[in-house]
Amino acid sequence: MRAMIVALAAAGLVLAGCARQSGDGGQAREVPHGYVEGAEEMAEAQSRLVLVDEQAGKAHVLDLVTGKVSFLAEVGDVESVTGDGRFAYLTAATGGVRVIDSGAWTVDHGDHAHHYRSAPRDLGTLAGRAPTAVATSTSVTAVRSSDGTVRLVDRSRMEKGELAETRTLKAAAAVPFGDHLLVAEGGQVRVDGADSPVGACPDAAGVAVTRRGAVFGCADGALLVTEKDGTFTGVPIPYPGERPRDERAREFHHRPGSTVLAAKAGKTGVWVLDVTARTWRLLKTGPTVAVSATGPGSPVLCLTEAGELRAYDPRSGKETASTALLRTPLTGSPAIQVDTARAYVNDPAGRVVHEIDYNDRLRRARTFEPGFAPAHMTETGR
């Protein structure tokens, strides 16, 4: 099963006041704004792709700035790969999750951002059943398995190269939100540790975090959870009419932080959820292999079983562009990863990765040839 991931701030660490003091021979000195020990701060995002060669069982990192591909680790059989803006999570066929630090990330402070790069490294494996979802914030990562067990991992220790679980709980879905953890269980969403629910969410599946709040996928639509001055509020966003169970949204895909989300609608097409407008739109595309939303006013992308990439206007639902992209028959797990300017689509059968300018009628900007079949892919550094 392909995992879903949510990044709260496309970031990897907490900065106290965005600056701090450091002792040096008894003399206090000011550490430069945005300083991160062991990392180099850059003027722009240092986007990278973590790629897995399924046949050889090896993980590689493709630096999108330099175009260089570097071998990282022997990872064995991998079923799926997801990322949170810095770390890649590789679902092992035998269970557990292998964690890769890509060495590229962005810290978003709202009015400005800091971009960092360091050497990628293999952090090892979290034991347990294979995850069905991974969600993360600047302080904790929540890994949910198929049996409903959610393992919480200390994010700050991950950044130092250590995997440290802090506790486990049971939930249908869980997502870190600011300094809190939101959990869905028994048809309700609660702040972990609180008695009163913030809203109803029957059969919760799929979560996302946007600048407007956290989103839970529910049997009857979605629940948007917002927070103001420590008070949490749940706002239901129902589907437009009753939908069959096999058409409901179960995994959301979007540009990090964006308020427009995309999800498969079974074999019917693609759901587009506009969190700001609190509306759903169903695009009747037919069966899709991968989907993603690139942002408000920007195209929603979907990849068909015939290897065709299509773009749709999220407001009107009209198709605006299409291109034959992947070699068929499809192999591996083709994915769509998007950032503020480009989309990346891996083509395992063609042994390439395509860089797409989604604002220019799906123009192929670059094609990377890593030297192996990139069966799985996730983007970091965004």
Side-chain angles (χ1 to χ4, degrees), residues 5-24 28-50 61-68 70 72 82-89 99-121 123 134-141 153-162 175-180 208-214 227 254-259 294-296 337-344 355 378-382:
I5 185 135
V6 181
L8 286 184
L13 71 171
V14 176
L15 298 178
C18 217
R20 60 189 174 93
Q21 298 289 319
S22 175
D24 182 11
R29 64 181 176 86
E30 184 177 352
V31 174
H33 175 72
Y35 171 80
V36 175
E37 185 176 357
E40 181 181 8
E41 184 168 7
M42 309 299 291
E44 59 184 16
Q46 301 296 295
S47 298
R48 293 174 176 175
L49 299 177
V50 176
V61 175
L62 167 58
D63 189 319
L64 292 170
V65 177
T66 65
K68 180 181 178 181
S70 302
L72 185 57
T82 57
D84 64 7
R86 173 174 178 174
F87 297 95
Y89 304 88
V99 183
I100 299 294
D101 183 350
S102 72
W105 68 97
T106 292
V107 178
D108 185 358
H109 291 286
D111 60 343
H112 70 285
H114 298 277
H115 309 288
Y116 299 96
R117 66 181 296 136
S118 63
R121 55 183 171 176
L123 270 59
V134 182
T136 189
S137 72
T138 56
S139 60
V140 65
T141 293
V153 185
D154 188 317
R155 177 75 180 210
S156 63
R157 293 170 71 175
M158 284 178 62
E159 291 155 4
K160 297 177 182 178
E162 179 184 1
V175 58
F177 188 50
D179 295 328
H180 299 272
V209 175
T210 76
R211 295 187 184 278
R212 298 286 182 178
E227 183 271 337
H254 61 114
R255 177 169 57 78
S258 172
T259 55
T294 63
Q337 295 287 297
V338 297
D339 55 35
T340 57
R342 295 288 189 267
Y344 297 91
E355 181 183 76
T378 191
E379 184 181 1
T380 65
R382 301 176 289 183

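Side-chain contact between Ser118 and Gln46 is absent, with no heavy-atom pair separated by less than 4.5 Å. Pro120 has its side chain within reach of Arg48: a pair of non-hydrogen atoms, C-beta onward, lies under 4.5 Å apart. Residues Phe87 and Leu123 have side chains in contact (heavy-atom distance under 4.5 Å, counting atoms from C-beta outward). Using a 4.5 Å cut-off on side-chain heavy atoms (C-beta onward), Ser156 and Ser139 make no contact. For the pair Arg117 and Asp63, the minimum side-chain heavy-atom distance is below 4.5 Å. Residues Tyr89 and Thr378 form no side-chain contact, since every pair of their non-hydrogen atoms from C-beta on lies 4.5 Å or further apart.
For the residue pair Thr106 and Gly381, the shortest heavy atom distance occurs at OG1-O, 2.8 Å. In this structure, Ser102 and Val50 approach most closely via the heavy-atom pair CB-CG2, 4.0 Å. Contact detail for Arg86 and Arg121: the closest heavy-atom pair is NH2-NH2, 4.5 Å. Taking all atoms of both residues into account, the shortest heavy-atom contact from Gly67 to Leu62 is O-CD1, 3.6 Å. Contact between Ser258 and Gly295 at its shortest, heavy atoms only, is OG-CA, 3.3 Å.
Here Glu355 contributes atom CD and Asp339 contributes atom CG; the two are 8.0 Å apart, rounded to the nearest 0.5 Å. Expressed to the nearest 0.5 Å, how far CD1 of Ile100 lies from CG of Leu72 amounts to 4.5 Å. Distance check: Thr340 OG1 to Arg382 CZ gives 10.0 Å after rounding to the nearest 0.5 Å.
The backbone N or O of Gly85 sits nowhere less than 3.5 Å from a side-chain atom of Thr380 that would complete a donor-acceptor pair. Under the 3.5 Å distance criterion, the side-chain polar atoms of Gln337 are matched with a main-chain donor or acceptor of Glu379.
Between the side chains of Arg155 and Ser137, no donor-acceptor pair is found at a separation under 3.5 Å.
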